[in-house]
Structure formats: structure tokens, C-alpha cells
There are 2 protein chains.
Amino acid sequence: MGDVARLAGVSPTTVSFVLNDVAGSGIPENTRRRVRASARELRYRPNATARLLRTDRSHTIGFVTDEIASTPFAGDVIKGAQEAAWEAGKLLTIVNTGDNQGIEESAVGMMLERRVEGIIHAAMYHRAVEPPADSREVPAVLLNCYAEDGSWPSVVPDEVAGGRTATEALLSRGHERVGFINLRPGLPAAAGRLQGYKRALEARGLPFDDSLVWNGEGTAKSGYRLAAELMRAQDPPTAIFCGNDQTAMGVYEALKERGLRIPEDVAVVGFDNQELIAVQLRPALSTVALPHHEMGRWAVEYLIDRAAHGETAPRRHTIACPYVGRESV
Amino acid sequence: MGDVARLAGVSPTTVSFVLNDVAGSGIPENTRRRVRASARELRYRPNATARLLRTDRSHTIGFVTDEIASTPFAGDVIKGAQEAAWEAGKLLTIVNTGDNQGIEESAVGMMLERRVEGIIHAAMYHRAVEPPADSREVPAVLLNCYAEDGSWPSVVPDEVAGGRTATEALLSRGHERVGFINLRPGLPAAAGRLQGYKRALEARGLPFDDSLVWNGEGTAKSGYRLAAELMRAQDPPTAIFCGNDQTAMGVYEALKERGLRIPEDVAVVGFDNQELIAVQLRPALSTVALPHHEMGRWAVEYLIDRAAHGETAPRRHTIACPYVGRESV
DNA sequence: ACCCCTTACTAAAACCTCTTACTAAAACCT
DNA sequence: AGGTTTTAGTAAGAGGTTTTAGTAAGGGGT
């Protein structure tokens, strides 16, 4: 900066004022032009580090995730977060912990040393977690996960509403016996979606028949097996709600083997909106999307807002899972 | 740091020496313990910013990508890069540009202001790019893309070898007529794989028959259409090499509709190893994996190495695409 | 014509936190 | 006493921001 000041024939103060557009510094347009020209000529680039040291604003947000690659979701979350950060003039620093607590703790440590303005702890599937206590030193938020004791703010998908949406997509087409191949029991996603399924039935005055509900493993294989199971019954469903799109992929196989047409004979709806699968399947799969992008966005917006306005009570924010209608319903 | 020094009854110098384990500073174990205890008591966390200002080592690498979410690959690349960075004690700062040049330039600017030690420019599909000139201010490398004029170091998949590997997987099973549903012509991936396909044939003394080679669009739909086309011929192939796994998904459909078994009647091999598809397909798809993880890793290792040992001639490094055998061959 | 006070600019200096020469004091030998 | 080691402290930056202080020009009053 000194060089620029010298070249422009002013003091570093003036350079700082001009380059940062400080209000009320009353520097005449003339001088401003000279300073800016000098900066350009010297290809001057301010040193964000030095600025941070003085201002204590790193304009950086830490993003700690358990698994970045195992699902395509991770990309959506990061993209949403990154977009929101960019819009606010922030940068995102990312660490993938591989679900290793030691790495997670040192990652948080490194981020705090760099004075990040907030930390996001993201999980790649919806579950309970316990982030390092150190993260409380700055605004922090859990993404696609939550603390059992509610002591951390978090943002998660509205699984209940999602399950209800999926089921209603089928009910509204006149189906009254809807099979449900859920995920492994115990997962928040499985519990929530089942509840949503029940509520949808209830709202239409339809009975809940637990012979229509199975827990699979979220794979095409188990979808194939359980669809076969469902269709073997004497009063088989006319529609199947699958706990995820991979399951639906297996269900398609099973139905096709039986010569059943989708959606004419059996309608199918998936969950997750894994485009790679849902779009490519024939017929294209109607499904419910997880709001990964929105959660990423919400998390950084929350952090920025909280950094600006201080502490608020931790809360669990849920985001709706929109229905994506294609050809299978 | 001053607080710690005061509490331990020493000077800031001593604290710095102890906390950084400076060699040859000759501080007795006694004092060291006292300093460390004070630091712990005050929950002292060094300010990485101040250190950086003095040492000029940010221990941060910038990662600029055109699209983070549109393919599951992005996650692998980032994961590989992040792992390598972590092992070297570096952090990764990521920006998604949405292929917008303006954003890319300001992203580079922001990173340079933060004094990153290197910049990676990643593309989500293999292609030629032209990164902002400013990136040359620090070590920089292109990932899954390259500069037309070769003026930037880069790391890309070895498409030729990959195409050859895929073809040979089929030839080695005795197939002599291998159909090839390639990607859109013009893509480096399509050109390279076609070359590899030809070389594999050549190596076995088999003729190249261009009626066996079609360009699709990399979708299940076009795979379906072109497989039908291929099988309609009077001398249809006994094996099909697909430019990607989505194409293979459509090929499966077409073959199954004709009552052809995989791999008994027609063997199929894909490309990309999109696990979501390849593993879930029945039979599971044999395919060739793109080395995303390795490219990510290579890129940061190259950067760190170059930062340490100075400029070297830009080179294009290729990484092999390993064959992933499953059930379709 | 002189003085004083604004206003409009610009500069000096303190500060942010840590690293690292360089220096100094103490302790330990001959 | 004089010279080495050990051990520890001082102070100068690193590159900005921001507070405080100043100078010069212009304007009004007498």
C-alpha cells in the first residue's frame, strides 16, 4: 500500500480511504482518481490478512462435513452454501472429516485459528450428531443433522411432510392401497416418512394396513425383493411409495418382470430425487426432492444473520421436500 | 499471547517458541510446561492471521470449480483434493463459479488477497478452458481440463487408455464385434475413447467397422435408441461399449426388451463408474472409472510440491482410468 | 486589510497479533 | 575474574485500518 501512496503522492491513509470507499472521508474526486490509477498501475492487491488482523472480520465460513463424496447430495448442499456465501461476500472453507471425531475437532480448531465467522456441521444423511464443543466459540449450525438435546441450531428436511406429499401424490390419483417400502427403521428419515404416510391416509379416511409397509435397505436389490413380496399378496397394492430412488429402481425391475406397466398397473413414487436415477428410469420416476440446496443456503444465511444480530435460542428449522412429478404416477 | 506470557511469567517470545516447538530455542522443560499450562488454562488459541501476516504462509489452497453439484464426480474430486490438503496441513477454500467468468475472476482475486498458496481450477467434464491470468501469481493447476495452448499445468483422465481398457475387457472374453455408443463427438472424452477403442482392435488384428460406432448424447434415452439400432443390423455386435453409464442404462433396457441376456447374449461395459447406476443395475454394470479422486489428490500434491520447489515447465499429466469389473461382461 | 473560524483535505501514529533477529542477564565453568 | 552456556527479554516488523491531529484555503466580520 505504501508504494501506491508514494506513487500517488499521498499518505497510506488516503489510499485506504479511497480503496475502501470510506464514507465521510472527504477526499476529492481528483485525488481519488489519482490513487486508483496508481493502484491499477502497480497491480496492487490488498492483503486480506493484514486487514483481517485489524478488523477481525475474516469473511470466511467453515464447512465441516462427514462425507463429501458418498452421495451426490453433498454437492448440492455445498453449492447452496457456497452460493449464499458468495452473495454475502464470504468464502467457504471446507473440510471432509470422514466421520472421524479427531479430524473434526482439529478441523474446527484450524478454522477457529483462522477466525472464521461461523461453522456449519453437515451430515450426509439425516441423523443425530454431537459436534465439538469448541464450535460454540462462533455462530454454528447443524445441517441435515441435529443434536439429540436440542442445544445446537439445526436445519433438516421435513421428512413428515415429505412422506405425506409422496403418499398424497398417489392417493390423489385414486389409489387406495399404497405399498410403502421404507428405509431401515431407526433412521429419522424412515420414522418421519412413515408418519407422513400415515397422516396422508388418515386425512383421506383410509385405514392403515401394516402388511403394506416394509422396511428395506435403501438398495435396488431390496426394492426388487420387497416389491415382489408386496405384489405376491392376494390384495396387492396399486401404487408403491419407495423410501428412496434406488429402491424404486429395484421396484421397477420387479414390476416389469411381472409384466406390470408403470403407472397404468402400478404407480410408483420415489424419494430423494437422485436425478441420475429418476430421470433415466423408464418411465421417468416421480419422486420427492430433499432440499439439500436450500438447507445449504439457509445454513449460511442463518450464520451471517446471527453473526450480525447475536445469539438467539437454538432452534430446529425444517425445510419442505418438494414433489417432483414425472411419469411414474 | 500476551496474557499467556503474563500468566506464565515469561515473555511473548518464550510463549511463541514453546507453542511452535521452535528447534534450538533452548527452553527448559520446566518453563515449557508452565507455558503450556497457562495456554491451556486461558484456552488460548493462536491467531493464524497474525502468524500468516508475519510468515506469509496461509496454508490454504483455493479450489475454483465450474460446477459443483451437477455430477457426483465433483464430490470425489473435492474429496481427493481435500484429503491431500489435510495431510499436508492445508485447508481448502472452495468457490463454485457456475462457469461464469466474472465470478471466476473475482474468486481468484479474493483468494489471492487471502494469499492462498495455490489455486486449482477444476472442470466437471473434461474440456479445454482458459483460466484468469491472475491465477499465475501463485502456483496453479487445471483439473479435469486443460489449456488449448498448453501454458498451464493440468491433470486429466487418460481417455485413450480408458477406451482401450473398456474395449479389451470385451475382446478378452472372445467378442469380435464390439458396438460402441460413444458420447457427443468433439468432446475430448469421446475422441480419446474412440482412439482407445481403435487401438484395442488393432492390437488384436481386428478390423475397424464404423457401422458399429455411433455417437449418442450420453443419456439413457439415446443409449436405448442406439442399442436398438445396433441390434437391428444383420450382423449385430455381441458386446457393447457405452460412452457412459447412463447410456448403458438405456442399452440394458433395449437388450432386455429384445429378450437378450446380459452378459450371455450381449456383454456391456460402461464408462464413468457412477456407482448409483452401475451398482444398482441388474446385472451390475462393469465399467471404467474416471480417476476423480486421484486427480484431486494429484492436483494439490503438485501444488504443494511446486510451491516448495519453484516453477517447472507446465505439463499435462494423465491418470489412468481403472476397470471396474462387475457382472455385465 | 486584518483576523478568526470553518471546511476540506491529508498526514502521523497507534493498533491488530504474532514471529524472529538481536540482546541481556544469570549460571556455570575454569 | 573471564569466558561460555543457558535462559529469557526487547523491539522491530508483517500490511493494513482507524483515530487523532494537523494544514491550507475560503469566508465572514470588522
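Lettering of chains follows the sequences in order, A, B, ..., and the numbering in each one begins at 1.
On a pure distance criterion of 3.5 Å, no polar donor-acceptor pair joins the side chain of A:T55 and the base of D:dT18.
Contacts of B:T49 with the nucleic acid, taken as non-hydrogen atoms under 4.0 Å apart, are absent. Residue-level contact check: B:D56 touches neither bases nor backbone, having no heavy atom under 4.0 Å from any strand. If you check every strand for non-hydrogen atoms under 4.0 Å, A:P12 touches nothing.
For the OP1/OP2 pair of C:dC16 and a distance below 4.0 Å, the side-chain nitrogens and oxygens of B:N47 include no atom meeting the criterion. Distances shown here put a side-chain N or O of A:T31 below 4.0 Å from the OP1 or OP2 atom of C:dT10. Contact annotation: A:R54 side-chain N/O to C:dC15 OP1/OP2 distance is not under 4.0 Å. For the pair B:T14 and D:dG9, the criterion of a side-chain N or O lying under 4.0 Å from OP1 or OP2 is met.
Of the nucleotides present, D:dA1 is the one that pairs with C:dT30 by Watson-Crick or G-U wobble criteria, both distances under 3.5 Å. Base-pair partner of D:dG26: C:dC5 (Watson-Crick or G-U wobble, both distances under 3.5 Å). Under the Watson-Crick or G-U wobble criterion, with both distances below 3.5 Å, C:dA25 is paired with D:dT6.
Two residues are said to be in side-chain contact when any heavy atoms from C-beta on lie closer than 4.5 Å; B:W86 and A:N96 fail this criterion.
Using a 4.0 Å cut-off between charged side-chain N and carboxylate O, A:R34 and A:E29 make no salt bridge. Between B:D76 and B:K79 there is no salt bridge, since none of the side-chain N atoms of the basic residue sits less than 4.0 Å from a carboxylate O of the acidic one.
Set against D:dG16, D:dA8, C:dT10, the side chain of B:R115 has D:dG16 as its closest nucleotide.
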(message) Walk me through whether A:H126 and A:Y146 qualify under ring-ring contact (aromatic ring centres under 6.0 Å, His included).
(response) CA-CA 8 Å; A:H126 188 174; A:Y146 57 93; 5.7 Å; yes
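The nearest whole Å value for the distance from the CD atom in B:E113 to the P atom in D:dG15 is 15 Å.
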